[in-house]
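See structure below.
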Amino acid sequence: MHSTIAIDVSASPDLVFALARDVTRWERLLPHYARSRAVETRADGSLVVDFIARRPLPLIGVTGVALPVTWRARTWNEPATNILRFVHVAGATKGMDVSWHIQPAGDGCHVSIDHDFRPRIAPFAAFVDRAFTRPIAGRTLATFKALAESLAATTAAEHVP
């Protein structure tokens with residue numbers, strides 16, 4: 001199954017890439033991430049990272065209830081093209097291939113995340129996409145958008161005479 005989620009950001013592609021490229025900082029930048037820690041550095045410079053994100057559960061009358069979602073991925077980035085790459089190497093989503101594309105658009109950029117997941121049981125991919133991938137990736141994009149736009153506005157305000 002292939003899915004894409006995207007957002008437009010009123011900040012430069014380079015700023016968004018600079019914020020997102022160091023995935024080991026995600027646990028400090030993204031409130032829904034509990035962990036993003038490197039467990040291995042490969043010879044090619046890629047990292048193997050353990051991630052834990054919190055997936056809020058919409059329970060009637062209950063707030064703050066979240067399911068921890070864990071995965072391990074080999075990750076690297078391509079600065080020349082503002083691309084982030086992830087290949088899930090363990091867990092329920094083993095084999096998922098993820099690419100972030102951060103491209104210029106208007107006065108800012110367009111950020112898209114492509115997920116390609118082909119588990120042995122095909123319907124499992126649709127369940128994972130709707131129940132976990134989209135909600136977590138959507139929060140991740142929204143948070144990076146807010147961070148980047150806040151930084152861009154602060155920088156612009158500092159340069160006003």
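Index from 1, following the sequence.
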Single-linkage hydrophobic cluster Met96~Trp76, side-chain heavy atoms < 4.5 angstrom: no

Flag side-chain contact, heavy atom, 4.5 Å: Arg74 against Asp44: yes

Heavy-atom side-chain contact between Leu19 and Arg25 under 4.5 Å: yes

Chi angles and distances behind the side-chain contact (heavy atoms from CB on, under 4.5 Å) call for Asn82, Gln103: CA-CA 7 Å; Asn82 284 345; Gln103 302 171 323; over 6 Å; no

Option passing side-chain hydrogen bond (donor to acceptor under 3.5 Å, both in side chains) with Asp97 (candidates His88, His2, Arg85): Arg85

Thr140 and His32, any side-chain heavy atoms less than 4.5 Å apart: yes

Donor-acceptor pair, side chain of Arg134 and main chain of Val128, under 3.5 angstrom: no

Shared hydrophobic cluster, Phe127 / Phe117 (ILVMFWY, side-chain heavy atoms < 4.5 Å): yes

Thr81 versus His101, side-chain donor and acceptor atoms under 3.5 Å: no

Closest heavy-atom pair and its distance - Pro13, Gly108: CD-O, 3.9 Å

Residue pair Phe144 / Ile7, side-chain heavy-atom distance below 4.5 Å: no

Distance (rounded to the nearest 0.5 Å) between Thr75 OG1 and Leu84 CG: 6.5 Å

Salt bridge Asp8-Lys145, side-chain N to carboxylate O under 4.0 Å: no

Whether Thr154 side chain and Ser150 backbone form a donor-acceptor pair below 3.5 Å: yes

Heavy-atom pair with the smallest gap, counting every atom of Arg139 and Arg54: NH1-O, 3.6 Å

Phe86 side chain near Trp71 side chain, heavy-atom distance below 4.5 Å: no

Distance-only side-chain donor-acceptor flag, Thr133 / His115, under 3.5 Å: no

ILVMFWY cluster, Val111 and Leu147 together (side-chain gap under 4.5 Å): yes

Straight-line distance of Phe51 CZ to Ile136 CD1, nearest 0.5 Å: 11.5 Å

Closest contact, heavy atoms only, Trp26 versus Ala20: NE1-O, 3.0 Å

Heavy-atom closest contact (Ser36 atom, Glu27 atom, distance): N-OE1, 2.8 Å

Linked, directly or transitively: Trp100 and Ile83 (ILVMFWY side chains, under 4.5 Å): no

Hphob cluster co-occupancy, Val89 + Leu47, side-chain heavy atoms under 4.5 angstrom: no

Side-chain touch Ile113/Val98, heavy atoms, less than 4.5 angstrom: yes

Nearest atoms (heavy-atom pairs only) where Asp129 meets Ser3: OD1-OG, 2.7 Å

Residue pair Ile52 / Pro68: nearest heavy atoms and the distance that separates them: CG2-CB, 4.1 Å

Separation between CG of Leu15 and OG of Ser10, rounded to the nearest 0.5 Å: 11.5 Å

Residues, nucleotides or ligands: over 12 heavy atoms within 6.0 Å of Asp107 CG: no

